[in-house]
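Numbering of residues begins at 1 and proceeds along the displayed sequence.
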Amino acid sequence: MNKYSRTYNIDKTLYPNIFSVLKALPDEYFLGNSHAPSLRHPGGILNRATDEIIESFLSVLQKLDDLRTITEPKEKQENVKVLLRDMGGLFGHFDSFQDESYIILKSLSPVPPQDNAVGEKTVYEWLRKNGYTCASDFFGRTGNIQQLIDCFTNRLKHANQKLDYVTASVQGIHIPGFFIDELKGEEVDKIYQPVPPAQFKSTVAISFHAMLKLLLICFYELNDALEKALRKHIKVIHGVDFSKREIVKHNDKFLTVVDAVADMPEHFYPFEYRKFPRINRDGKTYQFSYPHKARIPYVGQLKVASTHTADGFTKTFNLPFFG
């Protein structure tokens, strides 16, 4: 992840600036109808992709909240099952969001007289083969996020699309999390958090609190990168430094997600305090920033428990690494 710091005012909008830029684009900049098949308006593409992410966020946040009050074992087990499913879905929607960003750029790209990518199914490659640098511009700013998302989505594919649940308790603090058996410390160290070399072969536990804060900041960083790539793309095609904005106000669901994630306590697993995201709310001002480092706000030995998905072969299950 890159260093990030942005401030928003709730009276204006909590949406990233790209929403307002797309709203202000002249109709003649939209070229999606010239493609076969035709493409939706870029604003519509962005709204749909965002709605998918927000709905997944809301479901995960609700299931996490339910865990605090559910006491009946079977009901809790079912709640955890849905929570893990929806968390996997959230990673998937972030993966799709980046694909949709390339479609937005394509919808603002003329079909060249000599299409060098006829039949090309990958939008990134269609843009690249036809000489548009916007795809590489966007990827150059977001490749780190793609690595982060791939870290989980690729491993889920090898783990039969399932996350496992873990929780740690200390001094009355309960920290829920998840893990994937095949996601080891060596990969986590390169992409998510520093992990001691001695734990490179260990499965690593990830706290929901840290990951949800990070993903929300990733959403902002992805949109900022799309805006930069899009502005440069427009200048190349139309010779215009497009600067017009038409403020698009955030909706209630988006505000609910931002507030809920901001209100999450900074209770993470020990190794996550080396580099974590922060969302501060001060009156009407919201600040999104990364990274931060802090002392662990609790002392004593963690009491941990985990659930492992049986595969019919494994007989011994080990606890993941917490730090």
Side-chain angles (χ1 to χ4, degrees), residues 1-19 50 53-54 56-58 60-62 64-65 68 87 90-91 93-94 97 141-142 144-149 151-152 167-168 170-178 188-195 204-225 227 250 253-299 302 322-323:
M1 288 292 298
N2 295 323
K3 184 177 181 180
Y4 189 84
S5 182
R6 294 287 187 279
T7 301
Y8 291 84
N9 189 301
I10 194 171
D11 282 346
K12 295 180 180 179
T13 184
L14 291 180
Y15 277 150
N17 194 48
I18 185 65
F19 285 76
T50 297
I53 285 178
I54 295 308
S56 282
F57 257 117
L58 288 170
V60 170
L61 290 165
Q62 183 61 60
L64 279 173
D65 192 55
R68 297 187 305 166
M87 188 67 202
L90 181 58
F91 284 125
H93 287 315
F94 266 91
F97 186 90
R141 294 186 175 95
T142 62
N144 57 332
I145 297 177
Q146 184 65 64
Q147 278 188 308
L148 175 71
I149 301 303
C151 181
F152 295 97
T167 185
V170 60
Q171 294 184 313
I173 297 171
H174 300 280
I175 311 168
F178 60 89
V188 171
D189 176 76
K190 294 176 181 177
I191 298 170
Y192 176 57
Q193 288 277 354
V195 172
V204 177
I206 310 293
S207 71
F208 279 102
H209 293 175
M211 181 52 64
L212 291 176
K213 289 177 185 286
L214 184 62
L215 286 178
L216 187 55
I217 289 178
C218 283
F219 175 77
Y220 278 87
E221 188 171 347
L222 286 168
N223 279 284
D224 288 354
E227 181 194 353
H250 60 268
K253 286 186 176 181
F254 190 83
L255 175 60
T256 297
V257 167
V258 173
D259 278 344
V261 177
D263 286 341
M264 279 186 162
E266 290 181 353
H267 293 154
F268 315 134
Y269 296 144
F271 80 105
E272 292 176 315
Y273 283 98
R274 298 171 185 171
K275 194 167 56 176
F276 66 89
R278 176 169 283 161
I279 302 170
N280 282 334
R281 182 178 54 198
D282 184 10
K284 297 179 179 180
T285 301
Y286 290 69
Q287 184 179 36
F288 303 81
S289 56
Y290 175 89
H292 296 272
K293 185 176 182 179
R295 290 185 177 181
I296 300 172
Y298 47 78
V299 295
L302 295 178
F322 290 84

- Query: Parallel, tilted or perpendicular for Phe94 and Phe57, by the 30°/60° rule?
  - Reply: perpendicular
- Query: Taking it one step at a time, do Leu90 and Leu212 satisfy side-chain contact (heavy atoms from CB on, under 4.5 Å)?
  - Reply: CA-CA 10 Å; Leu90 181 58; Leu212 291 176; 3.8 Å; yes
- Message: Check this for me: Asp65, atom CG, are more than 12 non-hydrogen atoms of other residues, nucleotides or ligands nearer than 6.0 Å?
- Response: yes
- Flag side-chain contact, heavy atom, 4.5 Å: Glu221 against Tyr290: no
- Task: Quick one: sort the Tyr220 and Tyr8 rings into parallel, tilted or perpendicular, breaks at 30° and 60°.
- Result: tilted
- Task: Tell me, with the steps shown, if His292 and Glu266 meet side-chain contact (heavy atoms from CB on, under 4.5 Å).
- Result: CA-CA 11 Å; His292 296 272; Glu266 290 181 353; over 6 Å; no
- Task: Would you sort out whether Ile175 and Thr167 count as a side-chain contact (heavy atoms from CB on, under 4.5 Å), showing the intermediate values?
- Result: CA-CA 6 Å; Ile175 311 168; Thr167 185; 5.7 Å; no
- Answer yes or no: is there an ion pair linking Asp224 with Arg141, defined by an N-O contact shorter than 4.0 Å? no
- Task: Search all heavy atoms of Pro194 against all heavy atoms of Asp189 and return the closest pair with its distance.
- Result: CA-OD1, 3.4 Å
- Message: For Phe178 together with Phe208, are the ring centres under 6.0 Å from each other?
- Response: yes
- Working to the nearest 0.5 Å, report the span between CD1 of Ile279 and CE of Met264. 9.5 Å
- Any idea how Tyr15 and His250 line up, ring-wise: parallel (<30°), tilted (30 to 60°), or perpendicular (>60°)? perpendicular
- Indicate yes or no: at least one non-hydrogen side-chain atom of Phe219 is less than 4.5 angstrom from one of Phe288. no
- Residue pairs, two or more places apart or on separate chains, that pass side-chain hydrogen bond (donor to acceptor under 3.5 Å, both in side chains) and touch residues 207-216: Ser207-Glu272
- Task: Please work out whether the ring planes of Tyr269 and Phe322 are parallel, tilted or perpendicular, with thresholds of 30° and 60°.
- Result: perpendicular
- Task: First locate atom CZ of Arg6, then atom CG of Asn223, and finally report the distance between them rounded to the nearest 0.5 Å.
- Result: 11.5 Å
